[in-house]
Amino acid sequence: MKALTYLLLTTIKNAVLELRKKPGQLIFLLVMAGLMVFVFVTGQQVGVSDQVRDPRELSAILLSLYLFLFVIAVFQGLSSGATFYSMADVNLLFQTPIVPRRILLYGLLRQMGTSLLVGVFLLFQYTTFHVQYGVTIGGLLVILLTYGVTIFCAQLTSMGIYTLTSGSDRRKTAVKAVMILLCAALGLWIVIPALRVAGNHPLQAAIAAADAPWIAFFPVAGWMKSAAAAAFGGSPWYLLSGFGLAILYCVLFVVLVTRVRADFYEDVLKATEVSFNALTAKKEGRVEMAPTHVKVGKTGLGGGWGASVFYYKHRLEARRGRVLLLDGMGMLMAACAWIFAFFLRGEGMVPIFAFATYLQVFSTMTGRWIRELILPYIYLLPESPTRKLWMLCRQNISKIVLDALVVMIPAGLIVGAAPLEILAAVLARTGFGLLFMAGNILNERILGGLTNKLLVTFFYFLVMLVIAVPGAILGTAVGMLLGQWLPAVPLGLGVTFLWNLGCSALILYLCRNLLECAELSGR
């Protein structure tokens, strides 16, 4: 065990010392630390709101988040497996005469630390949690811990189920069926009371159903939700029982895996290799490996000449990856927006649009056109760089418009918005989609050759914040000033759309020579 302890401590020490050679990462960490201090100081200065929201509402939000993360991780593990290790562990650690159970314990400890680091973004929500729900710093740390435990249990469950069901499609199907039935039962328990409530406020009925005592015993998500709720008004017994059940769950899973499959780590070698190859491809700027299962239907591009070939190629790829009208991520975001609209259908169109736009940021950070910049073909075409850039973006623009129609029209009908408000929401969402796409182009123009994803993502969010916030403020101000003569909501959303459209056009014009040669994008 001394060797594994030394390895763990040395890995942490080397990660800290490595920052001296990577000033970009050090600056990023310092900026994030400064922002975190700012968030905590601001939250303390603002104080708790006079009208504190029901803490059960935050508990229901955490339950949904934990359940979503757990189910997604387990389903991914069933198909491709999960791993706590790197290729260095495979090549060196697994070859040493160390008891496999100790190697598993080393992987579990390291994964627990990684899970907590992943949840650091929750700390930036302190102002909202403190002002709206009265959550203290200690309560926020408990929420962070429950988030980390949920991710950790999901990874452990994913790896364990994969090792126990590998080689048997029947066992995998049975596990998926059990998980779907459990999630469906929980969803019906929460949704049915909301459907029975008359009027426009079913949210309280859903929150009350999500706070039922038996949900505290729902595996992992229910345990962690109850433990987190105990930190801001719940019973301390739920805090102890939640973490106690999670610890017992982890111990039983580890014992089950090590006893049933003594050579358990051989089953995670493939997942480790796949993860390593994907990470290496991203670092080197290469296209990732092709998926294991590919659906082949209609073949052929169906049109195109010169740069327009890329448009038809992207359209074909989008059709193959489509679930109903949008791709999987798009339909998931649309479903989240519809559910949010159902529970807040008495609040009007503005909060629904704000929530849908928040989700849109994460669904438009990548695109097929970005992958084309990695390959040389787009640069070899003897056409103007402006036309090539337009053809790369053309399919994505169509997707943005379709996404706005699919998301906002049903959401508007759910909340009972006027047709003019729905039309304005569709236009405004289209404007934000174009702005986010233009932000990606600007990112590629300035940081195209940078492989540090943290810095690229940070710059992207910073640029979007600087550009989008003035438009939102301008739209709100115009709506408030002219709202007594004209419809305020459509007017404000329309002004925001015009702002975003103008900024997007300006960015595209300034970056029109992005594809003139590969050196301009840093490729």
Side-chain angles (χ1 to χ4, degrees), residues 58-84 111-112 114-115 118-119 121-122 143 145-166 169-192 206 209-212 214-229 242 245-246 249-250 252-253 256-257 268 271 275 291-293 323-324 326-340 342-343 359 362-363:
L58 180 57
S59 299
I61 294 174
L62 294 177
L63 175 65
S64 303
L65 175 64
Y66 295 163
L67 183 63
F68 173 77
L69 295 173
F70 185 84
V71 172
I72 290 297
V74 173
F75 270 75
Q76 287 180 347
L78 280 172
S79 59
S80 60
T83 180
F84 297 156
Q111 182 61 32
M112 186 63 193
T114 303
S115 301
V118 170
F121 75 93
L122 289 172
I143 293 177
L145 183 58
T146 54
Y147 178 90
V149 172
T150 302
I151 298 295
F152 175 75
C153 290
Q155 292 288 335
L156 177 61
T157 305
S158 179
M159 186 186 75
I161 291 179
Y162 180 77
T163 58
L164 296 176
T165 60
S166 60
D169 293 335
R170 182 175 299 177
R171 288 198 294 266
K172 291 182 180 180
T173 303
V175 171
K176 290 181 180 180
V178 170
M179 291 190 62
I180 291 174
L181 288 175
L182 288 175
C183 294
L186 179 61
L188 291 175
W189 174 268
I190 296 175
V191 172
I192 289 178
D211 197 53
W214 72 268
I215 292 184
F217 300 97
F218 193 85
V220 183
W223 305 339
M224 293 300 97
K225 169 258 181 186
S226 299
L245 289 172
Y249 176 86
C250 294
L252 291 177
F253 234 98
L256 179 65
V257 171
V268 301
S275 176
T292 306
H293 302 286
V323 179
L324 298 179
L326 303 175
D327 55 16
M329 179 60 70
M331 290 304 302
L332 177 62
M333 296 298 181
C336 291
W338 298 338
I339 294 172
F340 189 80
F342 172 77
F343 286 118
L359 296 178
F362 302 97
S363 62

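Basis for what follows: all heavy atoms, side chains included, without hydrogens, waters or symmetry-related copies.
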Quiz item: Asp211 and Ile215: side-chain contact (heavy atoms from CB on, under 4.5 Å), yes or no, with the steps?
Solution: CA-CA 7 Å; Asp211 197 53; Ile215 292 184; over 6 Å; no

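The 12-atom threshold is not exceeded at CH2 of Trp189, counting heavy atoms of other residues, nucleotides or ligands nearer than 6.0 Å.
Taking the six-membered ring where the residue is Trp, Phe253 and Tyr249 present tilted rings, their angle falling between 30° and 60°.
For the atom pair Thr150 OG1 and Phe68 CZ, the distance stands at 13.5 Å (nearest 0.5 Å). Between Phe218 atom CZ and Ser226 atom OG the span is 12.0 Å, to the nearest 0.5 Å. Summarising the geometry, atom OG1 belonging to Thr157 is positioned 4.0 Å from atom CZ belonging to Phe70; distances are rounded to the nearest 0.5 Å. Taking CG of Leu67 as the start and CD1 of Ile72 as the end, the distance is 9.5 Å to the nearest 0.5 Å.
Using a 4.5 Å cut-off on side-chain heavy atoms (C-beta onward), Leu65 and Leu69 make contact. Using a 4.5 Å cut-off on side-chain heavy atoms (C-beta onward), Cys153 and Trp223 make no contact. With a 4.5 Å cut-off on side-chain heavy atoms, Leu182 and Leu186 do not count as touching.
Checked by atom type and distance alone, the side chain of Lys225 pairs as donor or acceptor with a backbone atom of Ala210 at under 3.5 Å.
Gly242 and Ala227 get closest at one heavy-atom pair: CA-CB, 4.3 Å. In this structure, Ala337 and Leu359 approach most closely via the heavy-atom pair N-CD1, 4.4 Å. Heavy atoms only, all atoms of each residue included: Ala246 and Val149 are closest at CB-CG1, 3.9 Å.
Applying the side chain to side chain contact (heavy atoms under 4.5 Å, CB included) test between Met224 and each of Leu145, Leu63, Thr146, Leu62 identifies Thr146 as the sole match.
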